[in-house]
Amino acid sequence: MWFFYALIPCLLIDGVTVLPAPQNLSVQSTNMKHLLTWSPVTVPGEIIYYFVEYQGEYESLYMSHIWIPSSWCSPTEGPECDITDDITATVPYKLRVRATLGSQTSAWSTLQHPFNRNSTALTPPVMEVTKDGFHLVIKLEDLGPQFEFLVAYWRREPGAKEHVKVVRSRGIPVHLETMEPGAAYCVKVQTFVKAIRRHSPFSQAECVKVQGETLPLVLALFAFVGFMLILVVVPLSVWKMGQLLRNSCCPVVVLPDTLKITNSPQKLISCRREEVEACATAVLSSEEPFRAWL
């Protein structure tokens, strides 16, 4: 009898040893991330591998109910499988799992109710609200390409109008509004997934306040004066440097007064000619008495 009971776990069905099938299949889905989990099959001293398959509406209606192996979990060692990449349409999906140990396999264990991704739980993204000078800035968690964010913001005061902005950029700071000094602004956000046409709840509002101190008038005046000085001093400095460089590289030679020619050369020539003629006349006049004496 002992030998007979020892053989019961090793009975063969179609030549394959039967392992216990995984139990308690369930899908945990949050923000379009789908995780299939099950209770592990344990064999002391052995590693159990699992195979996961799915069947969507298309496979059921048009492909003779075939099952498709999961892209990430055939096989997998742990008792869970990320089936996000396998669930590509908003239709019911059947899911099943079986265990293997060498040549031994378990029966398939099927999820009790088909899974549809429109049942995923949507949560608001992690949000960081800051101010950059007088600008209201937010940074949102990256939840994936399927997500859009509806951002509501308003000035915290009675009767303030609430503004809504659709944000598609993920993980990048987004400027919402230029804030007024001394005012507080609040922000809340919700996710929207177009593929399943659902919104998450709004997050808790976060508020920031801008300091009431504005730029002092004296400081503004100094800034204006400094700006005007720059406009005047810089061109003047450039011109002065140009003059210094020109005088250093190509200095102007100034002749002494004694070497300066005050009259034109033509006038000098005519002046000298008159002097020569007057001199000749004087010489001739002095020679005539000498000849008369002779």
Verify the cluster assignment for Leu61 and Ile66: are they in a single hydrophobic cluster under the rule of side-chain heavy atoms below 4.5 Å apart?
-> yes

Does Thr100 reach the main-chain N or O of Tyr49 with its side chain, forming a donor-acceptor pair under 3.5 Å?
-> yes

To the nearest 0.5 angstrom, please state how far the CE atom of Met179 sits from the NZ atom of Lys209.
-> 12.0 Å

Check the pair Tyr153 / Leu176 against side-chain contact (heavy atoms from CB on, under 4.5 Å), numbers first and verdict last.
-> CA-CA 8 Å; Tyr153 58 97; Leu176 292 180; 4.1 Å; yes

Check step by step if side-chain contact (heavy atoms from CB on, under 4.5 Å) holds for Ile83 and Trp72.
-> CA-CA 8 Å; Ile83 56 173; Trp72 296 105; over 6 Å; no

What distance separates Ile87 CD1 from Leu95 CG, expressed to the nearest 0.5 Å?
-> 5.5 Å

Report yes or no: do Thr37 and Ser26 form a side-chain donor-acceptor pair below 3.5 Å?
-> yes

So do Pro40 and Tyr50 actually touch side chain to side chain, heavy atoms under 4.5 Å?
-> yes

Between Glu57 and Lys94, is any pair of side-chain heavy atoms under 4.5 Å apart?
-> no

Check whether any side-chain heavy atom of Leu136 sits under 4.5 Å from a side-chain heavy atom of Val208, and report yes or no.
-> yes

So, for Phe147 and Leu122, which heavy atoms are closest and what is the spacing to 0.1 Å?
-> CE2-CD2, 4.1 Å

Can you tell if the side chain of Phe115 reaches within under 4.5 Å of the side chain of Pro92, non-hydrogen atoms only?
-> no

Are there more than 12 heavy atoms of other residues, nucleotides or ligands under 6.0 Å from atom CD of Gln112?
-> no

For Ser106 and Arg98, test the side chains for any donor-to-acceptor distance below 3.5 angstrom and give the result as yes or no.
-> no

Would Val167 and Tyr185 show up in the same hydrophobic cluster when neighbours are defined by side-chain heavy atoms closer than 4.5 Å?
-> yes

dist Cys73:SG -> Leu36:CG (nearest 0.5 Å) comes out at 8.0 Å

Kindly say whether Arg117 contributes a backbone atom to a donor-acceptor pair with the side chain of Thr120 at under 3.5 angstrom?
-> no

Can you find a heavy atom in the side chain of Lys139 that is under 4.5 Å from one in the side chain of Val126?
-> no

Aromatic ring pairing Tyr62/Tyr58, orientation class (parallel under 30°, perpendicular over 60°, tilted between) | tilted

How about His163: does its NE2 atom have over 12 heavy atoms from other parts shown lying under 6.0 Å from it?
-> yes

Would you check if the side chain of Glu53 reaches a backbone N or O of Ser70 as a donor-acceptor pair within less than 3.5 Å?
-> no

Between the main-chain N or O of Gln190 and the side-chain N or O of Ser200, is there a donor-acceptor pair closer than 3.5 Å?
-> no

Nearest heavy-atom pair of Arg156 and Cys186: which atoms, and what distance?
-> CD-SG, 3.7 Å

For residues Ser71 and Asp85, is any side-chain donor paired with an opposing acceptor at under 3.5 Å?
-> no

Using the six-membered ring wherever Trp is involved, compare the ring planes of His175 and His135 and label them parallel, tilted or perpendicular (cut-offs 30° and 60°).
-> perpendicular

Are the side chains of Trp154 and Lys188 in touch, meaning some heavy atoms are under 4.5 Å apart?
-> yes

Can you tell if the side chain of Arg96 reaches within under 4.5 Å of the side chain of Val52, non-hydrogen atoms only?
-> no

Count the heavy atoms of every other residue, nucleotide or ligand shown that sit under 6.0 Å from CD of Glu157, and state whether that count exceeds 12.
-> yes

Ring centroid separation for Phe51 and Trp108, is it under 6.0 angstrom?
-> no

Pair Gln146-Lys194, side-chain contact (heavy atoms from CB on, under 4.5 Å): steps then yes or no = CA-CA 7 Å; Gln146 300 187 73; Lys194 189 175 182 180; over 6 Å; no

Treating Ile, Leu, Val, Met, Phe, Trp and Tyr as nodes and any side-chain heavy-atom pair under 4.5 angstrom as an edge, say whether Val137 and Val129 lie in one connected cluster.
-> no

Under the 3.5 angstrom rule, does the side chain of Gln23 hit a backbone N or O of Ala21 as a donor-acceptor pair?
-> yes

Are Val174 and Leu140 grouped together when hydrophobic residues (ILVMFWY) are joined by side-chain heavy atoms under 4.5 angstrom apart?
-> yes

What do you reckon, is CZ of Arg198 surrounded by more than 12 foreign heavy atoms closer than 6.0 Å?
-> yes

Does any N or O in the side chain of Ser109 come within less than 3.5 Å of the main-chain N or O of Pro22, such that one atom is a donor and the other an acceptor?
-> yes

Are a donor atom and an acceptor atom from the side chains of Asn31 and Thr191 found within less than 3.5 Å of each other?
-> no

If we only count heavy atoms from C-beta on, is the Ile68 to Asp86 side-chain gap below 4.5 Å?
-> no

Do Glu180 and Arg155 meet the salt-bridge criterion of a basic N to acidic O distance under 4.0 Å?
-> yes

What about Trp67 and Val91, same hydrophobic cluster or not, with Ile/Leu/Val/Met/Phe/Trp/Tyr joined at side-chain heavy-atom distances under 4.5 Å?
-> no

Approximate separation, where rounding is to 0.5 Å, of Glu80 CD and Trp38 CH2 | 7.5 Å

Indicate the atoms forming the closest heavy-atom contact of Met127 with Ser203, along with that distance.
-> CE-OG, 3.9 Å

Remaining members of hydrophobic cluster (4.5 Å side-chain criterion), Leu35 | none

Have His34 and Thr84 got a donor and an acceptor in their side chains that come within less than 3.5 Å?
-> no

Decide side-chain contact (heavy atoms from CB on, under 4.5 Å) for Leu111 and Val27; before the verdict, give the C-alpha distance in whole Å, the side-chain angles of both, and the deciding distance to 0.1 Å.
-> CA-CA 9 Å; Leu111 185 68; Val27 177; 3.9 Å; yes

Reported CZ-to-CZ distance for the pair Arg197 and Phe192, which is rounded to 0.5 angstrom = 6.5 Å

Supply the atom-to-atom distance Ile48 CD1 to Thr76 OG1, rounded to the nearest 0.5 angstrom.
-> 13.0 Å

Does Glu46 use its side chain to pair, donor to acceptor, with the backbone of Val43 at less than 3.5 Å?
-> no

